[in-house]
Amino acid sequence: MEQVQRGFVELYGTEPEGVWSAPGRVNLIGEHTDYNDGFVMPFALPHTAVAAVSRRTDGVLRLHSADVEVGVVELRLDELAPESDRNWTAYPAGVVWALREAGHPVTGADVHLASTVPAGAGLSSSAALEVVIALALNDLFDLGLQRWQLARLCQRAENVYVGAPTGIMDQTASACCETGHALFLDTRDLSQKQIPFDLAAEGMVLLVVDTQVKHSHSEGEYGKRRAGCERGAALLGVDALRDIPYGELDAALERLGDDEEAVRLVRHVVTEDERVEKVVALLESGETRAIGPVLIAGHTSLRDDFRISCPELDLVVDTALASGALGARMTGGGFGGSAIVLAEAADVETITKAVQEAFAAAEFTAPRVFEAVPSAGARRLV
């Protein structure tokens with residue numbers, strides 16, 4: 001935080017009006033359900049995007065990141081336009097555009113950013129960037145927006161300005177999560193419930209294994225899956241796949257006949273919503289270890305029905321389970337990024353070593369492994 005504050009002073013010659021942070025997230029269960037009006041269960045990571053920000057009144061937005069080797073980027077607010085920017089600046093600029101499009105009086109800002117959220121790892125580095133800017137501008141310009149409203153505007157920035165067809169989960173997680181909890185979120189009405197999730201107290205750990213395989217949601221495959229889900233809902237005559245009850249899944253799949261793609265996508269989304277509800281029930285009844293098989297089933301569905309896994313993710317899951325993990329699955333949008341591994345604390349070293357050795361044997365890039373601790377959502381630091 002102090003480093004970001006100092007960086008702002010060096011760049012702009014004055015103290016910032018404040019410093020804010022917003023975290024990346026891990027999704028415990030509920031993958032590709034958010035744009036189907038379904039259920040998700042993310043929690044915030046201790047890794048954050050931090051922004052030092054001051055207001056301007058001249059219609060200019062100045063952006064700088066300590067993580068990118070370019071100087072200050074200067075943009076005029078009245079020239080911001082959707083899909084006009086293919087750089088990192090699209091995320092903060094998109095938030096400013098979305099706020100102004102919604103009628104909020106943002107007149108410019110100076111911004112200096114730094115992030116510890118690994119980019120391209122499926123841990124929502126982009127949402128952290130969006131939410132930290134939205135929260136800062138909400139405070140500085142006294143916009144009076146609620147956290148869920150900021151999340152919605154950040155999603156609009158990513159969908160329309162950046163051009164990535166993501167759901168609402170990532171931004172809501174970054175804005176709304178609480179320390180020691182996972183967030184049970186209904187993406188249809190945005191109702192939330194904080195579910196206690198303190199693994200350390202029960203002698204367990206949730207590892208994140210970043211495969212170092214980079215993905216980008218705006219590159220096609222994510223959009224294809226979303227369009228396929230929307231087509232499946234249309235074929236079944238419902239607004240969203242959320243509206244297919246789990247108990248009526250077999251009948252719904254029969255109606256899809258030999259449309260193999262629609263069958264796979266629909267089956268994943270409906271069973272995944274059921275898995276989220278199952279994990280909530282298990283955690284609330286204190287049966288934390290019992291969520292392991294549910295995580296495994298989620299990975300199988302993402303691999304076989306949704307077809308968004310990759311050899312590296314499958315290797316993490318298979319190796320971790322063979323080495324004693326309670327559960328494991330890929331997390332995030334897919335095609336790379338990270339997997340999560342639920343393990344007894346005593347088994348972490350064995351599992352980590354086994355995964356690292358398996359990657360070396362397969363001649364894959366060495367993975368990055370760290371513990372995921374449910375952490376605080378976005379907040380003002382200074």
Side chain proximity check, [X] to [Y], heavy atoms < 4.5 angstrom:
X	Y	value
Val70	Trp88	yes
His112	Arg6	no
Leu129	Ile133	no
Leu206	Phe43	yes
Val26	Leu123	yes
Val369	Lys353	no
Leu342	Leu199	yes
His47	Thr116	yes

- Query: Do Asp314 and Ser309 meet the criterion of a side-chain donor-acceptor pair at a distance under 3.5 Å?
  - Reply: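 Distance-only check passes for Asp314 and Ser309.
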- Donor + acceptor pair across side chains of Glu272, Thr33 (<3.5 Å):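 Absent: no donor and acceptor within the cut-off.
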Checking [X] side chain against [Y] main chain: does a donor-acceptor pair fall under 3.5 Å?
X	Y	value
Thr211	Gly337	yes
Tyr91	Ala157	no
Asn159	Ala164	yes
Arg380	Ser21	no
Arg55	Leu140	yes
Asp67	Ser115	yes
Glu31	Thr331	no
Arg56	Leu61	no
Ser124	Gly24	no
Asp189	Ser191	yes

Measure the spacing between [atom1] of [X] and [atom2] of [Y] and express it to the nearest 0.5 Å.
X	Y	atom1	atom2	answer
Arg147	Leu135	CZ	CG	5.0 Å
Thr48	Leu381	OG1	CG	7.5 Å
Asn138	Gln146	CG	CD	8.5 Å
Arg156	Glu101	CZ	CD	6.0 Å
Leu241	Leu236	CG	CG	7.0 Å
His181	Asp198	NE2	CG	9.0 Å

- Task: Could you tell me if the ring centre of Tyr222 sits under 6.0 Å from that of His32?
- Result: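 Yes, the ring of Tyr222 comes within the 6.0 Å limit of the ring of His32, centre to centre.
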Find out if a path of hydrophobic residues (ILVMFWY) with successive side-chain heavy-atom gaps under 4.5 Å connects [X] to [Y].
X	Y	answer
Val316	Leu326	no
Ile29	Ile168	no
Leu153	Leu63	yes
Val269	Leu256	yes
Trp20	Val50	no

- Message: What verdict does the side-chain contact (heavy atoms from CB on, under 4.5 Å) test give for Met169 and Arg25, after you've listed the backbone C-alpha separation in whole Å, the side-chain angles of each residue and the deciding distance to 0.1 Å?
- Response: CA-CA 10 Å; Met169 172 179 68; Arg25 65 96 189 97; 3.7 Å; yes
- Message: Using salt bridge (Lys or Arg N to Asp or Glu O under 4.0 Å), reason through Glu261 and Arg264 one step at a time and then give a plain yes or no.
- Response: CA-CA 5 Å; Glu261 182 193 47; Arg264 287 190 290 99; 5.0 Å; no
- Message: Asp243 vs Arg188, test: salt bridge (Lys or Arg N to Asp or Glu O under 4.0 Å). Steps then yes/no.
- Response: CA-CA 11 Å; Asp243 296 314; Arg188 171 163 280 172; 2.7 Å; yes
Looking only at heavy atoms, which two atoms of [X] and [Y] are closest? And how far apart?
X	Y	result
Ser174	Ala127	OG-O, 4.3 Å
Asn87	Asp85	N-OD1, 2.8 Å
Ala290	Leu282	O-CD1, 3.5 Å
Ala378	Val131	CB-CG1, 3.7 Å
Ile351	Ala343	CD1-CB, 3.6 Å
Ala328	Val317	O-CG1, 3.9 Å

- Glu349 atom CD, over 12 foreign heavy atoms within 6.0 Å: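 For Glu349, atom CD is not crowded (no more than 12 foreign heavy atoms under 6.0 Å).
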- Item | Over 12 non-hydrogen atoms of neighbours within 6.0 angstrom of CD in Glu83 |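 Buried by this count: over 12 neighbours within 6.0 Å.
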- Run the side-chain contact (heavy atoms from CB on, under 4.5 Å) check on Leu249 and Val266 step by step: do they pass? CA-CA 8 Å; Leu249 175 59; Val266 169; 4.2 Å; yes
- When you look at Gln192 and Leu185, which way does the side-chain contact (heavy atoms from CB on, under 4.5 Å) test go after all the steps? CA-CA 5 Å; Gln192 304 175 16; Leu185 173 68; 3.8 Å; yes
- Verify salt bridge (Lys or Arg N to Asp or Glu O under 4.0 Å) between Lys278 and Glu274, making sure each step is shown before the conclusion. CA-CA 6 Å; Lys278 194 177 285 186; Glu274 171 75 1; 5.1 Å; no
- Task: Decide, yes or no, whether a salt bridge links Glu221 with Arg225 under the criterion of side-chain N to carboxylate O below 4.0 Å.
- Result: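 Counted as a salt bridge, because a side-chain N and a carboxylate O are separated by less than 4.0 Å.
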- Query: Hey, is Arg226 close enough to Glu230 for a salt bridge, meaning N to O under 4.0 Å?
  - Reply: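 Yes.
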- Query: Relative to each other, are the rings of Phe359 and Phe364 parallel, tilted or perpendicular (30° and 60° limits)?
  - Reply: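 If you compare the ring of Phe359 with that of Phe364, the planes turn out perpendicular.
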- Message: Using side-chain contact (heavy atoms from CB on, under 4.5 Å), reason through Glu248 and Val270 one step at a time and then give a plain yes or no.
- Response: CA-CA 10 Å; Glu248 296 171 22; Val270 176; over 6 Å; no
